[in-house]
Every structure is written in structure tokens, then in C-alpha cells.
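Counting begins at 1 with the first residue of the sequence. Remember, it's 1-based here, ligands and their atoms both numbered in the order they're listed. These numbers come from a predicted model, not from an experiment.
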Amino acid sequence: MKRVAVLGSTGSIGVQTLDVVTRSPGRFEVVGLAAGRNAARLAEQVRAFRPRVVSVRTPEAARELETLLGRSAPEILAGEEGAVAVATLAEADVVVAAISGGAGLRSTAAAVEAGKVVGLANKESLVLAGELVMASARRKGAHILPVDSEHSAIFQSLAGHNREEVRRLILTASGGPLRTLPPERLRAVTPAEALRHPNWSMGDKITIDSATLMNKGLEVIEARWLFDIEPERIDILVHPESIVHSMVEYVDGQVVAQLGVSDMRGPISYALAHPARLALDLAPLDLARVGRLSFEAPDPVRFPAYRLAYRALEMGGTAPAALSGADEAAVAAFLSGRCGFADISRLCSEVLEAHAPEPLRSVDQAIAASERGKAEVERHLG
Ligand SMILES: NC(=O)c1ccc[n+]([C@@H]2O[C@H](COP(=O)([O-])OP(=O)(O)OC[C@H]3O[C@@H](n4cnc5c(N)ncnc54)[C@H](OP(=O)(O)O)[C@@H]3O)[C@@H](O)[C@H]2O)c1
């Protein structure tokens, strides 16, 4: 029986993590949950899983949760300290880090520093402070197991192989809902159109990032730190069917890939049960029905955002954190109608190029750089 804490339990990954737990009776016990503002959904989760400690983002949400649960309420914490407390619960064996955005960094870093096994969905933790988080993992003996499907695919394709013999990593990308749209139509894209992802059902931020291809850029940065590999050896390949989740090419030219249906419960279960596999009753991959797998190079003219990630890695230090913050603010501005779709990558590029990177020394500094990135976007938007 593994004891699990889920950070971001009310979100897309959090809910699917708890679904994997439900489908694996006797394998997992939920000891802690951390959420944002969705007290109603968290209350349902508390009734179903009976964790000892839960945390919400604000004191108001904590009061709402207390009212909803009455006498059956567990210990309720609030704020970032609350999420950190859940991330470091002494009784937790595995911590699934699935808060969205830079807000997930502190709790992820705390879980790593506590030497936990961390199922990492919150890619922003490695985008903002990958070097520090990985160094902390090495120091504390924490295992970071990827939940992002591409990184899980690479992790699985590396198993049993010699990492010294890797030539390059190939991250696949669905290309998002706007992949075939002509350049003149991209300007007028609405949030509703950009949120209509063809293969995956995910939170709003990552869905817009998939439409701009910024998500793939952030994944390049995540892979750079997670697998300790130079950015020049990480390639992006658009694969609209999202069946091949990523690949590893070895020095002899042989390529190992991982395939599966587009269901995040696959990578979630792999991280939760590692090194075992769970017998999950998910839809099987029927390649005869899929028929064709296609691939194409990403288009840097229509979707320039992914290239900013390589640029940020080249600039180094706090640059990826500034880019991540800029992207969060630009995506939020797009979703609320304050800027157009093409403005997301334009704003990110302007903020990144104006950023004077500093060598990264602390999580606080990474968060400050991300906040500066956000503020710069707000300044551009006026
Ligand atoms: N969804 C996917 O398929 C997918 C795939 C790969 C990687 N990821 C990564 O996984 C992470 C989560 O993505 P998602 O799609 O699950 O996002 P999501 O559906 O938007 O859920 C985000 C979760 O984080 C919580 N949250 C947000 N801000 C918080 C804060 N300041 N403090 C505490 N909790 C906070 C939300 O709480 P409330 O809802 O209660 O406010 C919610 O539980 C992201 O980093 C994303 O890039 C997701």
C-alpha cells in the first residue's frame, strides 16, 4: 500500500490521479490533498478518500470547506504553507505535483527537499528552477518521476538502456487545435477555438500553451533538466494523432518509442506504481483502427513560441522563469479577451529579450523572475 498526497487534486491531473487510485483497490491510500479554490470538489474528494490533511489556496476556501464537511472535516490548512505541509507529510510515500503554473514550484521543491518520490505534472517547477530542483533531488535522494506524457514516454524508452548512448530525445507534439489554420486566420482565433484540443482534455493554461506550441517549448526545458541533456539534442516533432508519446534515438541510430492512447491515466499510473505497472482497465490501443500515424516538422512562422524556450535556455539563469511568467500572464490576458492569440508569443518574446538573466541561486529568485515576467506583460498591455 503506497501512501499518496495529491497537490492540485481538483484539477484535470488531480482528478485523474484519484481515478487511478479508485481503479486500483488496495494499492494506494490518500493521505493528503491540496487544491486551489474549488472547495465543493475538494469536499467530495475528502468524503471519498478520507485524507488526514487537506489544504486550499485561501482562508475563504478553507472556511467554505469546513462548512461543507462539518464534523467530518480533516485538518484544513491554507495558503502556500498549507500546500507545502501536504507536500511534506511524513506519512506520504508519493507526492503527485499537479498544481498549475509557477504556483506549483514551492510545494514541488518542498516535496523534493523532503526526499519524496514525486510524480511531476507541474512542468513549471523545472522550467522555473530545474537546475536547483534536480540538484536538491540528487542531494536528498528524491525520485522525480514524470507525469507529463512525453517525459513519461522518454523515461519508459530509457528504461534498460545506457543513458551515455543517447543521441537525442524527440518530443512529439499534437500540434494543437490550430495546427492547420492559415496564418491570416490565426490573428482572429477566439479563446473557445484555442481551447478545443483535438486529443487531450486538460486545464485551460496547458491547452492554450498546446495551441501556441509554448507547451512544447516548456517541455523542452523540462526535459533538459529531467534527463540532464543539452537543448541541442532535444527535437520537436509534430504528430497529430498523439499515439507516439515521444522517442529516444541512440548513438547507433535506433529509435525507441512509447505508444499509447491519449489518456493521462497511463503516465499517471506509471509514476504512481513505478517500478511496477498497474492493471488498469483503460481503452486499448487499436492501431488497425488508427490506421495511419503522421509526422511533420513544427512551423516556426505560425507557431514561434516553442523557439523561445530554446532561446531562454541559451540565455540561462532566470531567463526560463521570466519566460514562464510572461506566458502565464499572456495566456490569462488572451483568455480574458485582453490580447489576441498571436500576441501571446509576441509578448513573451519581447519580455524574454528585455530580460537580463541572473545566475539562479534560489527558488525565491526563480519565483521573483517569473513574477517580473508577468508584470512586464501587464506593463506592455497597459
Ligand atoms: N492536464 C493534463 O493533461 C496535463 C498533461 C501534462 C502536464 N500537465 C501539467 O500538470 C499541471 C496541472 O495541469 P492541469 O491541466 O491539471 O491544470 P488544472 O486543471 O487547471 O488544475 C490545476 C490545479 O491546481 C490548483 N491550483 C491552482 N493554483 C493553485 C494555488 N495557487 N495553490 C494551490 N492549488 C492551486 C487548482 O485548484 P482549484 O481548481 O481548486 O482552484 C487545480 O487543482 C500543469 O503544470 C500542467 O502543465 C497537465
Side-chain angles (χ1 to χ4, degrees), residues 5-20 32-46 54-62 64-65 68 76-87 96-108 110 118-128 145-153 171-174 176 195 197 199-210 214-219 221-223 226 242 245-246 261-268 270-271 324 327-328 331-332 335 367 370-371:
V6 184
L7 315 176
S9 67
T10 49
S12 163
I13 292 290
V15 166
Q16 293 179 85
T17 301
L18 293 174
D19 183 58
V20 169
L33 296 173
R37 294 201 169 95
N38 193 342
R41 184 172 283 172
L42 183 58
E44 280 168 29
Q45 295 177 339
V46 168
V54 300
S55 161
V56 282
R57 188 169 168 180
T58 60
E60 297 77 59
E64 193 185 337
L65 187 65
L68 285 168
I76 301 176
L77 307 171
E80 201 162 55
E81 315 83 70
V84 166
V86 174
V96 176
I99 289 176
S100 54
L105 170 57
R106 240 186 258 281
S107 49
T108 305
V118 178
L120 185 70
N122 179 252
K123 65 191 80 187
E124 292 85 353
S125 293
L126 293 187
V127 174
L128 264 70
L145 304 172
V147 165
D148 224 349
S149 60
E150 295 76 2
H151 303 72
S152 177
L171 291 174
T172 55
S174 70
L195 284 170
H197 198 284
N199 306 336
W200 299 98
S201 161
M202 312 182 282
D204 287 357
K205 158 75 167 47
I206 183 173
T207 306
I208 300 300
D209 281 345
S210 297
M214 178 64 89
N215 182 48
K216 216 43 58 178
L218 299 180
E219 287 178 8
I221 303 177
E222 181 184 6
L226 197 54
S242 296
H245 294 309
S246 279
V261 291
S262 309
D263 189 326
M264 286 306 294
R265 290 171 298 184
I268 290 168
Y270 191 78
S324 178
D327 179 53
E328 274 191 50
V331 168
L335 286 173
I367 290 171
S370 166
E371 292 302 320

Inset, instruction - Could you pull out all residues at least two apart from D204 that satisfy salt bridge (Lys or Arg N to Asp or Glu O under 4.0 Å)? - result: none
Legend entry - Pair E219 + K123: basic N to acidic O under 4.0 Å: yes
Inset, instruction - Could you pull out the closest heavy-atom pair between H245 and S149, with the gap in Å? - result: CB-O, 3.9 Å
Inset, instruction - Between S100 and ligand 1, find which residue part has any heavy-atom pair under 4.0 Å and reply side chain, backbone, both or neither. - result: both
Legend entry - Protein heavy atom at shortest distance from atom 37 (O) of ligand 1: G36 N, 2.9 Å
Legend entry - Which segment of I206 sits under 4.0 Å of ligand 1 when only heavy atoms are counted: side chain
Inset, instruction - State whether E150 and K216 are salt-bridged, where the test is any N-O pair (Lys NZ or Arg NE/NH1/NH2 against Asp/Glu carboxylate O) under 4.0 Å. - result: yes
Inset, instruction - Among all protein heavy atoms, pick out the one at the shortest distance from atom 35 (C) of ligand 1; state its residue, atom name and that distance to 0.1 Å. - result: I99 CG2, 3.6 Å
Inset, instruction - State the atoms of ligand 1, each with its element, that fall below the 4.0 Å cut-off from a heavy-atom position in A121. - result: 7 (C), 8 (N), 9 (C), 10 (O), 45 (O)
Legend entry - Minimum heavy-atom distance between G14 and V6, given as atom pair plus value: CA-CG1, 4.0 Å
Legend entry - For atom 43 (O) of ligand 1, the protein heavy atom that lies nearest, with its residue and separation: T10 OG1, 2.7 Å
Inset, instruction - Taking all heavy atoms of V54 and all of L65, pick out the closest pair and write down the distance. - result: CG2-CD2, 3.6 Å
Legend entry - S201 N/O to ligand 1 N/O under 3.5 Å: no
Inset, instruction - Search all heavy atoms of G82 against all heavy atoms of L77 and return the closest pair with its distance. - result: CA-CB, 3.7 Å
Legend entry - Shortest protein contact, atom 19 (O) of ligand 1 (heavy atom only): S12 N, 2.9 Å
Inset, instruction - Determine whether D327 and K205 make a side-chain contact, defined as any pair of heavy atoms from C-beta on separated by less than 4.5 Å. - result: yes
Inset, instruction - Could you tell me the residue and atom name of the protein heavy atom closest to atom 21 (O) of ligand 1, and the distance to it rounded to 0.1 Å? - result: G11 CA, 3.2 Å
Inset, instruction - Can you see which heavy atom on A35 is nearest to which on T10, and at what distance? - result: CB-OG1, 3.5 Å
Legend entry - Sub-3.5 Å N/O-N/O distance, R37 and ligand 1: yes
Legend entry - Atoms in ligand 1 flagged as close to N38, the criterion being non-hydrogen separation under 4.0 Å: 38 (P), 40 (O), 41 (O)
Inset, instruction - Just go through A98, A103, A83, A35 and tell me whose heavy atom is the nearest to atom 33 (C) of ligand 1. - result: A35
Legend entry - Separation of E124 CD from I367 CD1 (nearest 0.5 Å): 12.0 Å
Legend entry - Separation of L42 CG from E64 CD (nearest 0.5 Å): 10.0 Å
Inset, instruction - Heavy-atom distances under 4.0 Å are what count here, so tell me which part of E124 touches ligand 1: side chain, backbone, both or neither. - result: side chain
Legend entry - Part of K123 with heavy atoms under 4.0 Å of ligand 1, whether side chain, backbone, both or neither: both
Inset, instruction - Check whether any N or O atom of M264, backbone or side chain, sits under 3.5 Å from an N or O atom of ligand 1, and answer yes or no. - result: no
Legend entry - Under 3.5 Å donor-acceptor, E328 side chain and G102 backbone: yes
Inset, instruction - Please write down residue, atom name and distance for the protein heavy atom closest to atom 6 (C) of ligand 1. - result: D148 OD1, 2.8 Å
Legend entry - Geometric N/O contact G14 with ligand 1, under 3.5 angstrom: no
Legend entry - atom 28 (N) of ligand 1 [closest protein heavy-atom partner, distance rounded to 0.1 Å]: R57 NH1, 3.7 Å
Inset, instruction - Output yes when the distance from some N or O of ligand 1 to some N or O of G203 is under 3.5 Å, and no in every other case. - result: yes
Legend entry - Option set N215, L7, I13, V56, criterion heavy-atom distance to atom 4 (C) of ligand 1, minimum: I13
